[in-house]
Amino acid sequence: MIGDCHDMKPLPDSVKKLIEAKTFANIATLMPDGSPHVTQTWVDPRWDLVLINIEGSQKHKNVLRNPRVALDICDPANAFNVAVIRGRVKEVTFKGADEHVDKLAKKYLGQDKYQSRRPGMRRVLFKIEPVHILPPFTDNTPRKSWRDRVPSRSLI
């Protein structure tokens, strides 16, 4: 186990539904200097965890050093239908990662087996516990920007 789970939040049904769809997640991890590293990835819910399946990468190195991550999951059909999750990687494991990537290949590509395996690379499964969740905004009304919420101030 990597992360501390005492603040874990349950995934709301609206977030699970979004993740179960053919949506992508952008995952942010922290580089050694504290700067963010963001990449797009496939995503899968399991109970109240979010699963990310990767092949040995910078994300893997970053999470082993610092388990804090942030995700956004955006519906490609409606940009206002987005969920944001901050959390901790509870577990990093090779166990079940190959079978899991085949499940994701079925979801995203319609293939029974993931075809892009590279020789010598192992799949890695991240199990992420959400600690802060912003559920999707699904009524199609644009959110006010921060400029609309902050009173205008004259700089003169």
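In this structure, the side chains of Asp102 and Lys106 stay at 4.5 Å or more apart for every pair of heavy atoms. Met31 has its side chain out of reach of Pro36: every pair of non-hydrogen atoms, C-beta onward, lies at least 4.5 Å apart. Between Val15 and Pro136 the shortest side-chain heavy-atom distance falls below 4.5 Å. Side-chain contact between Pro12 and Ile133 is present, with heavy atoms from C-beta onward closer than 4.5 Å. Residues Pro32 and Asn62 form a side-chain contact, since some pair of their non-hydrogen atoms from C-beta on lies under 4.5 Å apart. Looking at Leu51 and Phe126, their side chains never come closer than 4.5 Å, going by heavy atoms from C-beta outward. His60 places a side-chain heavy atom less than 4.5 Å from the side chain of Val92. When side chains are defined from C-beta on, Lys90 does not count as touching Ile128, because their heavy atoms never get closer than 4.5 Å.
Salt bridge annotation for Arg123-Asp98: absent, with no cationic side-chain nitrogen under 4.0 angstrom from a carboxylate oxygen.
Counting heavy atoms of neighbouring residues, nucleotides and ligands inside a 6.0 Å radius, atom NZ of Lys16 exceeds 12 of them.
Expressed to the nearest 0.5 Å, how far CD1 of Ile52 lies from CG of Leu49 amounts to 11.5 Å. With rounding to the nearest 0.5 angstrom, the CG atom of Leu11 is 5.5 Å from the CD1 atom of Ile19. Note that the CG atom of Asn66 and the CG atom of Leu30 stand 5.0 Å from one another [nearest 0.5 Å]. How far OG1 of Thr41 is from CZ of Phe24: 9.0 Å, rounded to the nearest 0.5 Å. The line from CD1 of Ile54 to CD1 of Ile27 is 8.0 Å long, rounded to the nearest 0.5 Å. Summarising the geometry, atom NZ belonging to Lys9 is positioned 9.5 Å from atom NE2 belonging to His132; distances are rounded to the nearest 0.5 Å.
Aromatic ring orientation, Tyr108 versus Trp42: parallel (interplanar angle below 30°, classes split at 30° and 60°).
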Exercise. Begin from the C-alpha positions of Arg122 and Glu55 and carry the test side chain to side chain contact (heavy atoms under 4.5 Å, CB included) through to its verdict.
Key: CA-CA 6 Å; Arg122 291 179 71 189; Glu55 195 169 42; over 6 Å; no

Practice problem: Check the pair Val124, Phe94 against side chain to side chain contact (heavy atoms under 4.5 Å, CB included), reporting the backbone distance first and the verdict last. | Solution: CA-CA 5 Å; Val124 181; Phe94 296 106; 3.4 Å; yes

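The backbone N or O of Ala97 lies less than 3.5 Å from a partner atom in the side chain of Asn53, making a donor-acceptor pair. A donor-acceptor contact shorter than 3.5 Å is absent between the side chain of Thr29 and the backbone of Val69. With hydrogens and angles disregarded, a donor-acceptor distance shorter than 3.5 Å links the side chain of Lys107 to the backbone of Val43. The closest donor-acceptor contact from the side chain of Asp72 to the backbone of Val84 lies at 3.5 Å or more, if one exists at all. A donor-acceptor pair under 3.5 Å is absent between the side-chain atoms of Lys22 and the main chain of Asp75, judged by distance alone. At least one donor-acceptor pair under 3.5 Å links the side chain of Gln115 to the backbone N or O of Lys113.
Contact between Ala83 and Leu18 at its shortest, heavy atoms only, is N-CD2, 3.7 Å.
For Lys127 and Thr93, the side-chain atoms include no donor-acceptor pair closer than 3.5 Å.
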